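In the text below, chain A, chain B and the rest are named by the order of the sequence lines, each starting its count at 1. Note that the structure is a prediction, hence the values are computed from the model and not measured. In what follows, every heavy atom counts, from backbone to side chain, and hydrogens, waters and symmetry copies are set aside.
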Amino acid sequence: MHPPAAAFRSRTDGPVTLTRGPLDTAAVLAAVSDPAAGGNVLFVGTARSVTADITTSRLEYEAHEPLAHAMLAALLAEARRRFSLAGCAAAHRLGVVEPGEASVAVAASAPHRPAAFAATEWLMAEIKREVPIWKCEHRPDGSHTWVHGDPNTPPRETHHE
Amino acid sequence: MHPPAAAFRSRTDGPVTLTRGPLDTAAVLAAVSDPAAGGNVLFVGTARSVTADITTSRLEYEAHEPLAHAMLAALLAEARRRFSLAGCAAAHRLGVVEPGEASVAVAASAPHRPAAFAATEWLMAEIKREVPIWKCEHRPDGSHTWVHGDPNTPPRETHHE
Amino acid sequence: MPDNPPRVRVTLFAGMAEAAGRRSLELPWTGGTVADLRHRVAAAMPAIAPLLAQSAIALGDRYAKADDSVAAGADVAIIPPVSGG
Amino acid sequence: MPDNPPRVRVTLFAGMAEAAGRRSLELPWTGGTVADLRHRVAAAMPAIAPLLAQSAIALGDRYAKADDSVAAGADVAIIPPVSGG
């Protein structure tokens, strides 16, 4: 099942972007620029064409958009406090993502580089664990699989319920 | 003492760039793009205008260029092996760097994000410890100080001699 | 509202929407907790019950707790394990 | 080469060049080790001796070890503690 065909749609609100178009990774990095920041880290997740010997012809992402947006904003606010950041930003692409294209971009800036690295890693781990976005792997034979849970990510804490 | 006034000069050799012009950080990230890489990390170090209550009006960098180039290439080769990277690249600006401008950019890509983060952090630490580049802090009153040794970086190992 | 009996609207996503063959459903609902709603949805759509057990429930733009109230007329989303990034 | 006695050319950088008031110097040199060269440079330019003690020595585009040979006519660089990044 595919999400309904959608015209280009993008929502940017402060440092959070959800978009069906190509990610502007340079804009995500530029969004964290700050006179007090000496260290700026950008992570870009790209669609691989081969994962564990399985060929993927393209990826597709679907989200609960209002909740994903709220969760991303809350995670950025928490990262800013927890790591004393100068700035942070996140963008996730929805819809079809071809091999080599970016699906996610996260940036953080801080006076010194260790906090910027730690915050970006923490944000990526939390995004993969908490934010209601799902990936579908499409294979060359036309089959596809929606992925529920990441073998590299510990399960979501049960504090929601 | 200032280095001799130099016309724009840039040397790019594979993944290493030393340049007197603005750093093209997007090019450093693009240089590590690879179909097998799902995780891409870019670090950008920018000149801060205030460091520990001291106002810096601009930075200036000087290098032993042939040795800096060789050391950067060797560190990238070691990072590629040590972290099983898909790609890595580094660029450092020389000459005057105004506040907010980038002085260094390092990128690494790997199948999964932890290796890309670890390699980028390792490369930055090694660059600050090993590569013959020096920073001069210019202050608004016209005074300046060449920095020899980084209080946040452990001293260079003595294996050179 | 005799023509409009109280209901709850439930939105499904990704593999759960695929297993259900639909992206949303409406169920009769006069109010209850999130835990009550889980039982009602599982009974109505046994095909999604296994994934439902691993899923969170969202009310509007926040995650809900098991004893949160779900009013008649509410919009609820079921959030199966996520895989963004 | 009676008009050209054997020498070594030493290049200085950053705060060391500033302390010396010059970016390079030439010293009479018929050959020796890196350690020998350090003593010669320190004697010739006492102003840089403290920073020299914390510095590495480079021969061409590689770092040298204390017992490496420095031939007459060599180009040598003194590498004080670095601060790039």
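- Contact count versus chain A (heavy atoms, under 4.5 Å) is highest, among B/A37, B/G45, B/G39, B/S33, for B/A37.
- Distance check, rounded to the nearest 0.5 Å: CZ of A/R113 to CD of B/E121 gives 8.0 Å.
- Here B/P111 is the residue among B/A107, B/P111, B/A47, B/P114 with the most heavy-atom pairs under 4.5 Å with chain A.
- Heavy-atom distances place both the backbone and the side chain of A/T120 under 4.5 Å from chain B.
- Here A/R82 pairs with A/E78 under the side chain to side chain donor-acceptor pair (under 3.5 Å) rule; sequence neighbours left out.
- If you tally non-hydrogen atom pairs under 4.5 Å between each of B/L42, B/V106, B/V104 and chain A, the highest count goes to B/L42.
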Could you list the donor-acceptor pairs under 3.5 angstrom formed between side-chain atoms of residues 93-100 of chain A and any protein atom two or more places apart in sequence or on another chain?
residue : atom : partner : partner atom : Å
A/R93   : NE   : A/G21   : O            : 3.3
A/R93   : NH1  : A/E101  : OE1          : 3.0

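- Using the six-membered ring where Trp is involved, B/F117 and A/F117 have ring planes that are perpendicular, over 60° apart on the 30 and 60° scheme.
- Proximity of A/N40 to B/T46: side-chain heavy atoms (C-beta onward) are separated by under 4.5 Å at one or more points.
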